[in-house]
There are 2 protein chains.
Amino acid sequence: MKRSRKAADTSTPAKIDIRSVASLARVSIATVSRTINHVPTVDPILAARVWKAVRELNYFPNTQARALVSGKSRLLGLIVSEITNPFFPELIQEFEHAAVAHGYEILLGSTNYEPKTMELCSRRMIERMVDGVAIMTFGIEDFLLDRFTADNIPFVFIDPAPSRPLNSVLAVDYRAGIYEGVQHLAVLGHRDIGFISGPLNRRSAQSRKAAFLSCLESTGIKANHDWLIEGTHTLDGGRDAMRHILALPNWPTAIMCSNDMTAIGVQHALFEANLKVPSDFSLIGFDDIHLAEYTIPPLTTIRMSCKDLANKAIENLLSRLNPPEGQGEDATTITTRLIARQTTGFPRNTLQDLKQTPARKPQSR
Amino acid sequence: MKRSRKAADTSTPAKIDIRSVASLARVSIATVSRTINHVPTVDPILAARVWKAVRELNYFPNTQARALVSGKSRLLGLIVSEITNPFFPELIQEFEHAAVAHGYEILLGSTNYEPKTMELCSRRMIERMVDGVAIMTFGIEDFLLDRFTADNIPFVFIDPAPSRPLNSVLAVDYRAGIYEGVQHLAVLGHRDIGFISGPLNRRSAQSRKAAFLSCLESTGIKANHDWLIEGTHTLDGGRDAMRHILALPNWPTAIMCSNDMTAIGVQHALFEANLKVPSDFSLIGFDDIHLAEYTIPPLTTIRMSCKDLANKAIENLLSRLNPPEGQGEDATTITTRLIARQTTGFPRNTLQDLKQTPARKPQSR
DNA sequence: GAACTCAGTGTAAACGTTTTCCCTCAGGTA
DNA sequence: TACCTGAGGGAAAACGTTTACACTGAGTTC
C-alpha cells in the first residue's frame, strides 16, 4: 500500500504468503508447511492440491520467518580478504558450489584487510544468524571468535594461533609447495632469490615468508635481506616491489612471490624495464589462479587448491552442525605443490652472458 | 541445548536477545528497540543504561526478526553473470561500497550464465526479502521480473526489452566506445577487423556485436563474417576463438573483443603461435578491468566504468524506495570510452613487411 | 487548584513461518 | 456393536523484533 502504482492497476498486489496458499488449496497452513518441507505423512491428495496452489500463486516461503522460528538460517558465512584478487572469486565459487550441494546458501563478507570491516562482517554474520562461518582471511580478533562461540556458531579458519580450537583450523602446508619452488630454482642454478611477501601484519604473509626463509636454509642458500620485500598482495604492490628491487645495486636472479597477483605485477615491472622472463629473471607465484596459465609467458606457481580448501571448510562446518558418530577432531591440512610453467629458467649469469640491455649492473658472485 | 559442549562448561550459553538487554538495563523491550534505532524521544538516562547493557552483553539485534516485522530487510540484491570474470568483482566492490554508504547490505547472486541458476537467484532474492535488486547480467525472464513486481521489489537491469519498464533500465551506450575503437583502428590503417563476441544467447553480447557492425559500416569498412566469432567471455573462449581465426586462410589485422578476458585469451593464443602484439595483430578489449593495465603489452580497451554503473544502479533503486518529490523517470545511460594502451598499432602490411614468421599467409588486399 | 498537554514508557499485537499438541475418524479387533 | 489404534490434519504457541496504542505524571495554563 506504500508505493502507489502508475497505471489503471488499482488493486493492491496481493501479498502471497503461506496463508494464501492454504486457502487456495483448502487446507490449513500447517499442512502447507508440512508439504513444502516434504514431511512424509501428508496425504498425497492434499499435497497435490498444495503444490498446485504453490505453482499457481508462484509462492516462495519467507526465509526470514523460517529462520526465526526454526533457529536455522541454512546460511553459511564466508569471509574473504579481498574480492578483487581472483583467487577469492575462485574460492567463493567453489565454496558456493559445495554449499548449495548441501542445501546451504552463502553470505559473503569481504574485509579489504581492514580490522574494522572484519568486525562489521562478523557482526553481519551473527545478525543474519549464519549456521556456520568460514573465515578465509587473516587477522580475526579473538573477541569476535568468542562471539561466534557464544552464539554456538561453528567456524573454520586458516589463521592458527596457540589459543584457538584445533578442530576449527584448516592448516595450509605452505612449506611443501614453497620447498618445491626453491628446489626447482636451485636445480636450475639460482642462488640469488628474492621474495615479495604479502602485507606482514597478517599472519599468513608471515607464514609464507617464514616458510620461504626456512626452505632457503634447508636448501643451503643464504638469504639476502635486501631482496625480502613487503608487498600488498596486489598487482600494484608487485609492480612497486619489483621496481624497488631493480633500483638496488645488486639484483637477484629469481623472485618468488607470495601470491600470483604480485607475480603478475612483477612481470609488468620487468616489461617496463625491458627485461625478459625467464632469461633475465625467473619468477614464481603462489595460488595458481586460472589467470596464471594466461600470463605471457605463463606463470610458474605454487598451487593451493581452492577447491580443496572450500570443500574441507564446508565439510568441517557441516560435520559440526550435524555431529556424526565418532570422528577425530584433528586439524585438517591443505597441501600445496609446484606447477612449473614458463617463467622459470636458468639464471642469466650461469649459462648465458648479458647480451640483453639491463639498465644496471646485475649481481655478480 | 542441541550441541553438547566439551569442557567443564555446563551452563547453556545464554541467548542474548532484546529481552536480556531490557532486563539488564531495567527498561522495557520497547525502550531498548527505540534506543538502538535512535528514536529521539527516549530519555538520555535510560538510553545510556541501554547502551551500557548492549555493550556488556555484546548484543546484536536479529536481522531476520527485524526484517520480518518491519517489512524492510535493508538488503539489496545484486545478480551478476560470473564472479570469476574480474569485471564483476570490481563491480561488486563498488556496488557494496555504495550500498553500505546508504545503510544497505548486499546479497550476491551469480548465475554462471545458466537460466536455471538465474531463476534460483531471483528466488533467493525474494525469499530473503531484498528491498531492491540490481540485475547486472542478461537473459532474465519476464516472469521473474513479474514476481519482483508482485512483491513490490524495485529492480534495475541492463537488459532492455520492449516490454519492460523504462525507468528500470540502465542503458549502456556500447556504441560510443566501440565507435572510438573502430575509428582508432581505422586511423592506424586497419581495414580487416575481426570481432570476438560473448555468448550470443545474451542480449548484451548481441548489442555489442551489433554496435561493432554498425560502427564498421559508418566508418566505411566492410565486415568479413569469417572474422565474427562467438566467444564465451572467458580466457579460454578468447584463446579458442583466436586459434580458430589463426586456422583461417585469411587473417584480419586487428581484433576487437567483447570483453577484456577474451582479449587476454587472444593474447595468449598469439603468444602460443609466436605472433606479436601489436606488430602482427592489433587488439582491443572491452570493460577496462584493472588487469588490463598489466597485460603484456598493456591492453587497449574500451572502458565501461563499473563505479558509474554501480552508483547509478544504487541511485535508481534508492530513489524508488524513497520516492523523492518530482523527478524524471528517464532511462539512465552509462557511457563507454576508449583507453588507448599498447596493443594497437599499424597493421602489419601497411608499414612493415612480414619479417616475422607467420605460419600462414596473411590477408592481402 | 483543576484541567490540559505532551513527553516518555510500557503492553501487546503484529510479521510469516515451524512445530507441538490435540482432535477426528477410518479401519481393525474382539 | 463396542472398543482400540494410529494416521493425518488443524489450532495455536513460539521465534525476536517493531510499532500502534494506552498509560503515567510532570509541567503549563487559566
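Note on naming: letters A, B, ... go to the chains in the order of the sequence lines (proteins, then strands), and numbering restarts at 1 for each one. Hydrogens, waters and symmetry mates are skipped; everything else that's a heavy atom, side chains included, is used.
Rounded to the nearest 0.5 Å, atoms OG (B:S73) and CG (B:D131) are 4.0 Å apart. Here B:K307 contributes atom NZ and B:H97 contributes atom NE2; the two are 7.5 Å apart, rounded to the nearest 0.5 Å.
Under the 3.5 Å distance criterion, the side-chain polar atoms of A:R320 are left unmatched by any main-chain donor or acceptor of A:P154. In terms of modelled atom types and a separation under 3.5 Å, the side chain of B:T63 and the main chain of A:E127 share a donor-acceptor contact. Without hydrogens or angle criteria, A:R66 side chain to A:P61 main chain gives no donor-acceptor distance under 3.5 Å.
Under the side chain to side chain contact (heavy atoms under 4.5 Å, CB included) rule, B:M125 has a single partner from B:V130, B:L120, B:I135, which is B:V130. Checked options A:V169, A:L145, A:I140; the residue passing with A:F155 is A:L145 (criterion: side chain to side chain contact (heavy atoms under 4.5 Å, CB included)).
Atoms CZ (B:R34) and P (C:dT11) sit 11 Å apart, rounded to a whole Å. The interatomic distance linking A:L68 (CG) with C:dT19 (C1') rounds to 13 Å, in whole Å. Distance B:R19 CZ to C:dA12 C1': 12 Å, rounded to the nearest Å. Counting to the nearest Å, the P atom of C:dT19 and the NE2 atom of A:H38 are 15 Å from each other. Counting to the nearest Å, the C1' atom of C:dT17 and the CD1 atom of A:I16 are 16 Å from each other.
Residue A:T31 is in sugar-phosphate contact alone, with no base atom involved, counting any heavy-atom pair closer than 4.0 Å across all strands shown.
For the segment residues 53-66 of chain B, the set of residues with a heavy atom within less than 4.0 Å of an atom of DNA chain C is empty.
In the 5' to 3' direction, nucleotides of DNA chain D lying under 4.0 Å from heavy atoms of chain A begin and end at D:dG8 to D:dG16.
For the pair B:I106 and B:E96, the tightest heavy-atom approach, listed with the atom from each and the gap, is CG2-CA, 4.0 Å.
Mapping B:V69 and B:V42 onto DNA chain C by nearest heavy atom places B:V42 at the nucleotide closer to the 5' end.
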